[in-house]
Amino acid sequence: MQARAGLVSAAATATMKEQSTVFALISLSLLLLRLLLGLRFAAFRDAALTLQLLARLRIRPITVRLPGPDDTTLRVWCPVTPSSKPPLLLLHGFGGDAKWTWAGNFAALSRSFHLYVPDLVFFGSHSRSASPLRSVAFQARTAADAMRLLGVDRYHVAGISYGGYVAYRMAAVEARDRVDRLVVLTSGVAATAQEVAALAAREETAVEDALLPDTAEGLRRLMCRSMHRPPRLPDFVLHDFVQLMFVDQRKERSELLRELLNNGAGIIDPLPVLTQKTLVLWGDKDQVFPLDLGYRLQRHLGDGCRLEIIKDAGHALQLEGAGKVNSFIMSFLLDEPDGPELSIPRK
């Protein structure tokens, strides 16, 4: 009887421990759920992107403090460990920071390149400066200085939209002897001042409001202009993205935009012909910079330039046509003969 009672007691104790463990797991799950629900959707997605870069790709952010009196800092995403892969600098546009702009490209490109992906000055919460300068030349100089401080002597550069202006300027002036090859994605560097003014004038609202939306509806309009197939998102999600992307340093970014509209890359009269081999990528449905500007840039650069057009992609072609963009960049920079099949004939 005593032995039987002992077995019953032991079984009861085990059951209590199992119940305690279950209750603990339930409590922990509820706590995690509460924390996740407490995060805004955009913040949760942002955290997920960060976790992917850190855990899966081993790419982490570092803050580079540049010399000078303006306390300029640049946040750069780069691999944790050194490698023998060719260095590639990726420069984002106005629509987001480094992480969000190149979300569809990090994994594929990191397999072939040692990536350096900065938040340009006044984008994100870590790239800041007390400098009054807002020119493309200032952005090009800070990116070139950061690469020098990171010990990168020569590197390829790819820039989209506003980042394309900065990349072109680096290849022409600030890092002319350091940039090996250049990739320009849907950037209006070949547009005249009159054409830029005309593009700005056709906007239904002020250009600052169009490219730096402060409402869900404003972001929805921007997505419709930037993408051939924009996702349908509810207002609360769009509002979250506005708070995440367009609130911090809004004044400074508005000043960057006005400077860009007034002076472009600062080297447009005349636009220099680059010595570097250049790949130009464009979406055939781009509603921000018309495709003719891509053809014009190709003609301006001559035999050293290759133009590829991605079908059914808008201005945000690195998102809508990520696979083809990645393949074109790799085939061009690595001298691989077989890139994706060209979708549209060249002019």
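Because the structure is predicted, anything quoted here is derived from the model rather than measured. Excluded from the calculations below are hydrogen atoms, water molecules and symmetry mates; all remaining heavy atoms, backbone and side chain alike, are included.
The shortest distance between side-chain heavy atoms of Pro87 and Tyr116 falls below 4.5 Å. Residues Pro231 and Met223 are in side-chain contact: their nearest non-hydrogen atoms beyond the backbone lie under 4.5 Å apart. Counting heavy atoms from C-beta on, the side chains of Val242 and Thr215 never come closer than 4.5 Å. Considering only heavy atoms from C-beta on, Ile160 stays 4.5 Å or farther from Val184 through its side chain. Looking at heavy atoms from C-beta onward, Met330 lies in side-chain contact with Leu109 at the 4.5 angstrom threshold. Side-chain contact between Leu89 and Met147: present, with at least one pair of heavy atoms (C-beta onward) separated by less than 4.5 Å. Side-chain contact between Asp284 and Ile310 is absent, with no heavy-atom pair separated by less than 4.5 Å. You'll find the side chain of Ile59 reaches within 4.5 Å of the side chain of Ser110, heavy atoms only.
For the pair Arg306 and Phe332, the cation-pi test (distance below 6.0 Å, angle within 45°) is failed.
A ring-ring contact (aromatic ring centres under 6.0 Å, His included) with Trp100 is found for one member of Phe241, Phe106, Phe123 and no other, namely Phe241. When each of Gln139, Glu259, Arg141 is paired with Leu133, the side-chain contact (heavy atoms from CB on, under 4.5 Å) condition holds for Arg141 and for no other.
For Asp153, the side-chain hydrogen bond (donor to acceptor under 3.5 Å, both in side chains) partners at least two apart in sequence or on another chain are Arg178. Under the rule for a salt bridge (charged side-chain N to carboxylate O under 4.0 Å, His left out), Asp214 has no partner lying at least two apart in sequence or in another chain.
Between atom CG of residue Leu120 and atom CZ of residue Phe122 there is a gap of 11.0 Å, rounded to the nearest 0.5 Å. Taking CD of Gln249 as the start and OG of Ser127 as the end, the distance is 8.0 Å to the nearest 0.5 Å. Here the straight-line distance linking atom NZ of Lys311 with atom NE2 of His228 works out to 9.5 Å at 0.5 Å rounding. Here CG of Leu212 is found 13.0 Å from NZ of Lys251. Values are rounded to the nearest 0.5 Å. One finds the OG atom of Ser83 at 11.0 Å from the CZ atom of Phe113 (value rounded to the nearest 0.5 Å). Interatomic distance, Lys324 NZ to Gln318 CD, rounded to the nearest 0.5 Å: 15.5 Å.
Within the 3.5 Å criterion, the main-chain N or O of Asp46 finds a donor-acceptor partner in the side chain of Thr50. In this structure, Ser331 contributes its side chain and Phe328 its backbone to a donor-acceptor pair below 3.5 Å. A donor-acceptor pair under 3.5 Å links the side-chain atoms of Asp286 to the main chain of Phe289, judged by distance alone. Without hydrogens or angle criteria, Glu320 side chain to Arg229 main chain gives a donor-acceptor distance under 3.5 Å. Arg176 contributes a side-chain N or O that, together with a main-chain N or O of Ala172, makes up a donor-acceptor pair within less than 3.5 Å. Judged purely by atom type and a 3.5 angstrom limit, His156 uses its side chain to pair as donor or acceptor with the backbone of Arg181. One N or O on the side chain of Asn326 and one on the backbone of Ala322 form a donor-acceptor pair closer than 3.5 Å. Ser161 places no side-chain N or O within 3.5 Å of a backbone atom of Gly163 that could act as its donor or acceptor partner. Between the side chain of His300 and the backbone N or O of Leu271, at least one donor-acceptor pair lies under 3.5 Å.
Contact check on Asp209 versus Arg250 returns a salt bridge, with a Lys/Arg side-chain nitrogen under 4.0 Å from an Asp/Glu carboxylate oxygen. Classification of Asp180 and Arg154 as a salt-bridged pair holds, one side-chain N sitting under 4.0 Å from a carboxylate O. Using a cut-off of 4.0 Å between Lys/Arg side-chain N and Asp/Glu carboxylate O, Asp235 and Arg220 are scored as salt-bridged. Between Asp335 and Lys277, no side-chain nitrogen of the basic residue sits less than 4.0 Å from a carboxylate oxygen of the acidic one, so the salt-bridge criterion is not met. One finds a salt bridge joining Arg296 and Glu195 here, because a Lys/Arg side-chain nitrogen approaches an Asp/Glu carboxylate oxygen to under 4.0 Å.
For the residue pair His126 and Thr63, no side-chain donor N or O sits within less than 3.5 Å of a side-chain acceptor on the partner. Side-chain atoms of Ser125 and Asp248 include no donor-acceptor pair closer than 3.5 Å. At a cut-off of 3.5 Å, with distance as the only test, no side-chain donor of Ser112 or Lys85 sits close to an acceptor on the other residue.
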(request) Apply the test side-chain contact (heavy atoms from CB on, under 4.5 Å) to residues Arg128 and Val121: give CA-CA distance (whole Å), side-chain angles for both, the deciding distance (0.1 Å), then the verdict. (result) CA-CA 5 Å; Arg128 297 179 174 273; Val121 182; 5.9 Å; no
(message) Checking Asp97 against Arg75 for the salt bridge (charged side-chain N to carboxylate O under 4.0 Å, His left out) test, could you report, in this order, the C-alpha distance in whole Å, the side-chain angles of both residues, the deciding distance, and whether it holds?
(response) CA-CA 10 Å; Asp97 59 12; Arg75 190 189 207 197; over 6 Å; no
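Pairs engaging residues 158-193 under the ring-ring contact (aromatic ring centres under 6.0 Å, His included) rule: Phe94-Tyr162 [sequence neighbours left out].
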